[in-house]
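These notes concern the structure reproduced below.
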Amino acid sequence: MINDEELKLLKKENSKLKLEARLRKSLSVELERQKGIVQAAKEEAEKQQQLLQKASDRLSKYLSPQICEQIFSDVEFDTGTGRKKLTIFFSDIVNFTSITESMEAEELSGFLNFYLTNMCEIALKYGGTIDKFIGDSVMIFFGDPQSKGPEQDALACCNMGLEMLAFVEKNEELFKEQFNFPEKLEIRIGVHSGVCSVGNFGSDQRLDYTVIGRAVNVAARLEQAAPKNSMLFSNSTKSLLADTFQVSDSIEVKAKGIDRPIIGYILTNQISKRSLVTVKEEGISLKFDPSIVDKKEVDKFLSKIKQ
């Protein structure tokens, strides 16, 4: 027989077990609830991440990649401006306004998107900062936010321009067949190197990362004066390029808003620096390209000078 003390003890143990069971059940329910909250938070975070990625992808189409990288990096974004030596590039399509009048809207839109997409890909390949599109015109600059030095920036800009000219020449038939382009596509390019104000300009509501200054105006005037399918660059750019390119004789460009004529050079083709040979004899230094000039002719020329 179970006495009263044992019965009380059993009831007490039973109550304790029931309480523990209820606590376990409550704890289990709470854990499930917390897991649900965590899962919902995770799904919401993933959703917000996807929305942020979409916004980033869309924003990258309106801004230069270098600027997008600064905006989304951990480094504090600099909203100031500064003075730097840059190389400025302008290009546009010859007679584009009159050409557009003979094209259907869909063809014009398709052509411009294709053309500007490829121009941008070439620009990014050489490290250019794409400033803006003005219809068919493209403005690009080298030297900010990243720079490899004025000489390398100018070299990259001119190499970029040459590749753009080659792209237009190579795809002449494609423009006609795919977009019904009514005539031969021809572009002109202007390049100038000079000190500019560069950075963020605008209001508290909207900023534009761009460059301003006389150098920008000079580059734009050179582009307007450039012959069809060629690149016209200034004397200041030429001084940075040294012997890297062959150029035509200098020409004077008189431009509205510029106080004196601009000296410009038409870029023709690149010379490989490795192909140039330097001969130094008795205070005379002479560079020549062995693929063009025979070494015997150089020796003969030097012997005449020594006489």
Side-chain angles (χ1 to χ4, degrees), residues 85-103 108 111-112 115-116 118-120 122-123 126 128-143 153-154 156-169 172 175 181-198 208 210-241 245-269:
K85 186 163 188 178
L86 308 176
T87 294
I88 315 297
F89 169 101
F90 278 93
S91 75
D92 78 343
I93 297 173
V94 178
N95 297 326
F96 189 68
T97 301
S98 60
I99 290 172
T100 59
E101 295 175 357
S102 61
M103 295 181 70
L108 177 60
F111 163 75
L112 263 182
Y115 170 76
L116 293 175
N118 282 276
M119 293 298 102
C120 288
I122 295 171
Y126 288 94
T129 299
I130 302 165
D131 188 296
K132 60 176 68 73
F133 302 130
I134 311 168
D136 61 298
S137 300
V138 182
M139 177 181 172
I140 302 167
F141 57 88
F142 288 75
D153 291 339
C157 182
C158 289
N159 279 326
M160 175 192 73
L162 283 177
E163 186 163 333
M164 288 179 175
L165 289 169
F167 170 81
V168 169
E169 188 71 25
E172 179 184 351
F175 297 140
F181 206 76
E183 57 187 72
K184 178 180 171 63
L185 177 64
E186 296 174 311
I187 67 172
R188 49 182 159 229
I189 295 171
V191 176
H192 175 61
S193 302
V195 177
C196 308
S197 295
V198 57
D208 186 18
T210 188
V211 292
I212 59 174
R214 182 181 182 278
V216 179
N217 297 331
V218 171
R221 300 296 185 269
L222 286 169
E223 179 264 304
Q224 293 167 5
K228 297 176 181 179
N229 288 335
S230 67
M231 178 169 17
L232 187 64
F233 59 85
S234 66
N235 192 49
S236 64
T237 301
K238 182 177 183 294
S239 65
L240 294 172
L241 298 172
F245 297 95
Q246 289 181 346
V247 297
S248 67
D249 294 333
S250 62
I251 60 174
E252 283 192 355
V253 178
K254 295 181 179 180
K256 183 179 180 180
I258 306 297
D259 54 359
R260 59 181 181 275
I262 307 165
I263 306 300
Y265 300 86
I266 300 173
L267 190 151
T268 52
N269 65 300

Query - Polar side-chain atom of N229 near backbone of I187 as donor-acceptor pair, under 3.5 Å - result: yes

Query raised in the report: With sequence neighbours excluded, what pairs up with Y265 under the ring pair (Phe, Tyr, Trp, His ring centres under 6.0 Å) test?
Result: none

Query raised in the report: How close do F142 and A156 get, heavy atom to heavy atom, and via which atoms?
Result: CE2-CB, 3.8 Å

Report task. Please name all residues satisfying salt bridge (Lys or Arg N to Asp or Glu O under 4.0 Å) with E169, sequence neighbours left out, ordered by chain then number. Result -> K184

Query raised in the report: How about V253 and L232: do any of their side-chain heavy atoms sit closer than 4.5 Å?
Result: yes

Requested in this report: Could you grab the distance from atom CG of L165 to atom CD1 of I189, nearest 0.5 Å is fine?
Outcome: 4.0 Å

Query raised in the report: Can you check side-chain contact (heavy atoms from CB on, under 4.5 Å) on V218 and I88, steps first, answer last?
Result: CA-CA 9 Å; V218 171; I88 315 297; over 6 Å; no

**Report entry** Beyond-backbone contact of T129 with D131, side-chain heavy atoms, under 4.5 angstrom
**Finding:** no

Requested in this report: Measure the shortest side-chain to side-chain distance between M103 and P182 over non-hydrogen atoms and say whether it is less than 4.5 angstrom.
Outcome: yes

Query raised in the report: How close do M164 and M119 get, heavy atom to heavy atom, and via which atoms?
Result: CE-O, 3.4 Å

**Report entry** Validation row: F111, L185 side chains within 4.5 angstrom (heavy atoms)
**Finding:** yes

**Report entry** Worked check of side-chain contact (heavy atoms from CB on, under 4.5 Å) between S234 and L222
**Finding:** CA-CA 8 Å; S234 66; L222 286 169; 3.8 Å; yes

Query raised in the report: With sequence neighbours excluded, what pairs up with Y126 under the ring pair (Phe, Tyr, Trp, His ring centres under 6.0 Å) test?
Result: none

Query - Heavy-atom pair with the smallest gap, counting every atom of C196 and V211 - result: CB-CB, 4.4 Å

**Report entry** Partners meeting side chain to side chain donor-acceptor pair (under 3.5 Å) with S102 (sequence neighbours left out)
**Finding:** none

Query raised in the report: Measuring from K132:NZ to I140:CD1, what's the distance to the nearest 0.5 Å?
Result: 11.5 Å

Which pairs of donor and acceptor atoms, one on a side chain in residues 92-101, lie under 3.5 Å apart (sequence neighbours left out)?
| from | atom 1 | to | atom 2 | distance (Å) |
| --- | --- | --- | --- | --- |
| S98 | OG | N95 | O | 3.0 |
| T100 | OG1 | T97 | O | 2.6 |

Query - Interatomic spacing from CD in Q224 to CZ in F90 - rounded to 0.5 Å - result: 9.0 Å

Report task. List the steps, then state whether side-chain contact (heavy atoms from CB on, under 4.5 Å) holds for I122 with F167. Result -> CA-CA 9 Å; I122 295 171; F167 170 81; 4.1 Å; yes

Report summary line: Here the gap from S230 atom OG to I266 atom CD1, rounded to the nearest 0.5 Å, amounts to 5.0 Å

Query - Any F133 side-chain heavy atom under 4.5 Å of L112 side chain - result: no

Query - Geometric class of the F181/F175 ring pair [parallel <30°, tilted 30-60°, perpendicular >60°] - result: tilted

Report task. For side-chain contact (heavy atoms from CB on, under 4.5 Å), just list the numbers for F141 and V216, CA-CA rounded to whole Å, side-chain angles, deciding distance to a tenth of an Å, and then say yes or no. Result -> CA-CA 9 Å; F141 57 88; V216 179; over 6 Å; no

Query raised in the report: What is the minimum heavy-atom distance between L241 and C158, and which atoms define it?
Result: CD1-SG, 3.8 Å

**Report entry** Any side-chain heavy-atom pair of I262 and R221 under 4.5 Å
**Finding:** yes

Query - Closest contact, heavy atoms only, M231 versus L162 - result: CE-N, 3.7 Å

Query raised in the report: Taking the side chain as C-beta and beyond, is there a heavy-atom pair between M139 and F89 under 4.5 Å?
Result: no

Report summary line: Across all chains, not counting sequence neighbours, the side chain to side chain donor-acceptor pair (under 3.5 Å) partners of S193 are T87, T237

Query - Heavy-atom closest contact (G135 atom, L116 atom, distance) - result: O-CD1, 4.1 Å

